[in-house]
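Working notes, beginning with the structure itself.
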Protein chains: 2
Amino acid sequence: MKLTTKGRFAVTAMIDVAMHNAQEPVTLAEVSERQKISLSYLEQLFGKLRRAGLVASVRGPGGGYNLARPSAMVSVADIIVAVDEPIDATRCGGAQNCHEGEVCLTHDLWAGLNAHIFAYLRGVSLQSLVDAAHSRDALRKSAPTKPATVVLQERRPSLLAPLLGV
Amino acid sequence: MKLTTKGRFAVTAMIDVAMHNAQEPVTLAEVSERQKISLSYLEQLFGKLRRAGLVASVRGPGGGYNLARPSAMVSVADIIVAVDEPIDATRCGGAQNCHEGEVCLTHDLWAGLNAHIFAYLRGVSLQSLVDAAHSRDALRKSAPTKPATVVLQERRPSLLAPLLGV
DNA sequence: TATAATCCGACTGAACTCGTCGGATTTTGG
DNA sequence: CCAAAATCCGACGAGTTCAGTCGGATTATA
């Protein structure tokens with residue numbers, strides 16, 4: 001699953017599309033501006049997302065991207081798998097580290113972890129992320145104690161942040 | 001947490017030490033031979049494991065490494081954190097991708113995932129991995145239908161194997 | 001026909017990872 | 001006291017991977 005910044009960008013971009021997809025398709029230029037991701041990079045990502053069947057494209061002027069199915073039916077796992085192609089699985093599946101024909105000591109451990117992570121990300125829908133963003137917005141508006149231009153989010157460097165490079 | 005092969009090797013090596021640690025300390029030369037990991041690399045790993053307080057070293061001839069505490073009290077998370085030092089957490093903790101002073105759309109998602117993975121690995125003790133290895137051994141001995149030299153473990157390429165590059 | 005947009009493959013600079021190497025230090029045994 | 005066994009340590013390099021760019025092709029609109 002690999003969990004690189006590419007996957008993170010893809011999820012962010014998909015949320016953006018889901019939030020702005022009324023009738024008109026959403027152009028990558030808009031996403032680029034809103035999310036501060038370079039257009040070229042977005043093109044690369046959405047090529048994969050389209051091939052994976054997560055978005056549908058409309059070419060030409062007035063075109064852009066639509067979600068291929070309702071956001072409630074798209075999971076984060078879907079997005080990441082689409083974008084961060086699995087590398088060669090020949091790590092522990094073959095004779096690489098598994099020594100002398102035996103399954104290596106930790107095989108089951110990593111397999112279990114994989115299943116765990118996958119299940120977690122599979123359980124998070126795009127819709128739920130959109131909802132979360134909306135409720136954050138609502139919360140911020142209901143308590144506008146400072147001018148919006150100066151509001152800086154307080155940094156909260158989670159103890160767990162370094163894990164997985166997030 | 002990063003989950004690289006370095007972490008995997010460290011876990012494997014720790015299992016090996018736990019399984020062979022009677023009174024005498026275990027030398028890295030033995031671990032190297034049994035687990036097919038280069039000695040130099042093991043030295044590098046065990047330097048970190050020692051600094052993290054997971055193993056204790058005995059120098060000079062007859063020396064080697066002992067577990068610093070009972071294997072039931074060492075988790076996989078401990079080992080991986082000791083070896084795969086956290087990279088710069090400046091991914092989402094600051095203003096990098098979080099744009100315009102707001103928390104980026106996916107912040108909570110990744111934080112939750114981290115916590116999830118960490119909890120999982122925290123729940124797996126070194127002892128449990130040793131037990132699993134022992135029961136695999138017992139199973140293989142109890143059904144010796146073929147000469148041991150020819151027994152090849154059947155490959156079972158899990159569907160989830162590509163995830164995380166395991 | 002000009003323009004807005006997706007589409008695509010190749011490429012590069014930078015970072016990171018794996019693993020090595022040479023040597024220093026400590027301790028045991030003869 | 002000395003040789004050998006072992007840990008200890010920092011630096012380095014080859015290879016790989018990743019993030020992001022670039023130039024241009026294609027498609028559709030107006």
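Below, chain A is the first sequence line, B the second, and so on; all start at residue 1.
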When you check the phosphate oxygens OP1 and OP2 of dT6(C), does a side-chain N or O of Ser57(A) lie under 4.0 Å from one of them? no
Ignoring backbone atoms, test whether Ser38(A) places a side-chain nitrogen or oxygen under 4.0 Å from the OP1 or OP2 oxygen of dT21(D). yes
Given [options], identify the nucleotide with an atom nearest to the side chain of [X].
X	options	result
Pro61(A)	dT29(D), dT7(D), dG20(D)	dT29(D)
Arg59(B)	dT27(C), dC18(C), dC7(C)	dT27(C)
Thr4(B)	dT29(D), dC18(C), dT7(D)	dC18(C)
Arg50(B)	dT26(C), dC9(D), dT26(D)	dC9(D)

Ser40(B) near the nucleic acid: base, sugar-phosphate alone, or nothing, with a heavy-atom cut-off under 4.0 Å? base
Any base atoms under 4.0 Å from Tyr65(A), or only sugar-phosphate, or nothing? Heavy atoms, all strands. sugar-phosphate
[X] [atom1] - [N] [atom2] separation (whole Å):
X	N	atom1	atom2	result
Glu43(B)	dC18(C)	CD	P	17 Å
Leu39(B)	dG22(C)	CG	P	14 Å
Phe46(A)	dC8(C)	CZ	C1'	16 Å
Leu45(A)	dC8(C)	CG	P	14 Å
Gln44(B)	dT7(D)	CD	C1'	14 Å

Determine whether a donor-acceptor pair (N or O, by modelled atom type, separation under 3.5 Å) exists between the side chain of Ser32(A) and the backbone of Leu28(A). no
Just by distance, with hydrogens left out, do Ser75(A) and Asp78(A) show a side-chain donor and acceptor under 3.5 Å apart? yes
